[in-house]
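Reading through the structure tokens given below for one structure.
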Amino acid sequence: MDQRSDVERIREYKQLLDEGMITQEEFEAKKKQILEEGSAPGQNYSQAQGTGGEKLSPKVTNVLSYITWIGFLIAYFAGDREHCMFHLNQGLVLNLFSLISLVPLIGWVASLGSIALMILGIVNASSDVEKPLPLIGTIKLL
């Protein structure tokens, strides 16, 4: 594969289009080819971007499940629930645990713990490791 970035390659073809060396159709076809090469194997560009009604990739789903309630809800409803239940469960338990941060004094310590657990969960999810979070990781809700 070419060492230049996809953006640089597309710009080169855009310049050829602007100079009249290639047609608009040839430019669009080449742009699509470059974008597909840049996505994960076995995925087309629209699948990698999560468009066209496709589910989010398992890794994106896993990581999002730990990032606040909004991330969890996006991961749960738009993500790959079939392959990501472990991290979805961990994210739900973590988000429920983080509600303790609403309690004065105790909540401040709990919120620091929640942030540490969130970072640990994101690291595990991005590494495709199904390792339970300390203290709260054995709780199963999903």
Side-chain angles (χ1 to χ4, degrees), residues 1-18 21-142:
M1 187 169 154
D2 199 334
Q3 295 298 320
R4 297 172 292 156
S5 75
D6 292 346
V7 173
E8 290 170 340
R9 293 172 62 203
I10 292 171
R11 281 187 182 139
E12 289 175 7
Y13 284 102
K14 175 68 170 128
Q15 185 176 0
L16 291 173
L17 173 66
D18 292 343
M21 305 279 292
I22 61 173
T23 66
Q24 182 69 35
E25 293 80 25
E26 290 171 320
F27 170 74
E28 293 298 329
K30 198 63 178 171
K31 182 172 90 172
K32 181 179 177 187
Q33 177 188 354
I34 291 169
L35 293 174
E36 285 176 351
E37 288 171 1
S39 63
Q43 281 186 317
N44 66 32
Y45 183 69
S46 65
Q47 289 172 327
Q49 298 301 309
T51 59
E54 299 294 328
K55 293 180 181 179
L56 298 172
S57 73
K59 187 174 274 193
V60 171
T61 302
N62 289 339
V63 170
L64 275 177
S65 65
Y66 292 98
I67 304 174
T68 70
W69 282 103
I70 295 170
F72 173 79
L73 292 172
I74 292 169
Y76 187 79
F77 290 109
D80 186 3
R81 276 185 273 171
E82 182 179 332
H83 298 102
C84 301
M85 270 311 203
F86 177 82
H87 290 289
L88 285 168
N89 181 69
Q90 295 283 290
L92 176 61
V93 172
L94 174 62
N95 282 306
L96 289 172
F97 175 75
S98 69
L99 292 176
I100 295 172
S101 66
L102 299 174
V103 177
L105 298 175
I106 295 171
W108 300 334
V109 175
S111 66
L112 292 175
S114 293
I115 292 170
L117 291 174
M118 178 180 67
I119 292 169
L120 183 60
I122 290 170
V123 168
N124 288 340
S126 63
S127 302
D128 289 326
V129 175
E130 290 189 2
K131 184 177 177 185
L133 295 173
L135 303 174
I136 61 172
T138 57
I139 301 170
K140 278 194 88 83
L141 299 176
L142 294 177

For this session: Supply the atom-to-atom distance E8 CD to I10 CD1, rounded to the nearest 0.5 angstrom.
Result: 11.0 Å
For this session: Considering non-hydrogen atoms only, spot the tightest contact between N62 and D128 and give its length.
Result: ND2-OD1, 4.4 Å
For this session: State the CG-CD1 distance between N124 and I119, to the nearest 0.5 angstrom.
Result: 12.0 Å
Exercise. Which is it for I139 and L96 under the side chain to side chain contact (heavy atoms under 4.5 Å, CB included) test, yes or no, and what are the steps along the way?
Worked result: CA-CA 11 Å; I139 301 170; L96 289 172; over 6 Å; no
For this session: Decide side chain to side chain contact (heavy atoms under 4.5 Å, CB included) for E28 and K32; before the verdict, give the C-alpha distance in whole Å, the side-chain angles of both, and the deciding distance to 0.1 Å.
Result: CA-CA 6 Å; E28 293 298 329; K32 181 179 177 187; over 6 Å; no
Problem set entry | Atom pair CG (L133) and CG (L120), whose distance is rounded to the nearest 0.5 Å | 5.5 Å
Seminar exercise, completed: When every non-hydrogen atom of N89 is compared with those of L142, the smallest separation belongs to OD1-N, 3.0 Å
Problem set entry | Straight-line distance of S65 OG to R81 CZ, nearest 0.5 Å | 13.0 Å
For this session: Determine, for E12 against R9, whether the closest basic-nitrogen to carboxylate-oxygen distance falls under 4.0 angstrom.
Result: no
Exercise. Pick from Y76, Y66, F72: which one makes a ring pair (Phe, Tyr, Trp, His ring centres under 6.0 Å) with H87?
Worked result: Y66
Exercise. Nearest 0.5 Å, what's the CD-CE distance between E130 and M85?
Worked result: 12.0 Å
Problem set entry | Nearest heavy-atom neighbours spanning D80 and H83 | OD2-ND1, 2.8 Å
For this session: Apply the test side chain to side chain contact (heavy atoms under 4.5 Å, CB included) to residues L135 and L117: give CA-CA distance (whole Å), side-chain angles for both, the deciding distance (0.1 Å), then the verdict.
Result: CA-CA 9 Å; L135 303 174; L117 291 174; 5.7 Å; no
For this session: Take atom CD1 of I70 as the centre, draw a 6.0 Å sphere, and report whether it contains more than 12 heavy atoms from other residues, nucleotides or ligands.
Result: no
Exercise. Run the side chain to side chain contact (heavy atoms under 4.5 Å, CB included) check on L56 and F77 step by step: do they pass?
Worked result: CA-CA 10 Å; L56 298 172; F77 290 109; over 6 Å; no
Problem set entry | Closest non-hydrogen atom pair, A75 against L64 | CB-CB, 3.9 Å
Seminar exercise, completed: All heavy atoms of P132 vs all of G137, minimum pair found to be CB-O, 3.8 Å
For this session: Looking only at non-hydrogen atoms, find the nearest pair between K30 and Y13 and report the distance.
Result: CE-OH, 2.9 Å
Problem set entry | Rounded distance [0.5 Å steps], NZ in K31 versus CG in D6 | 12.0 Å
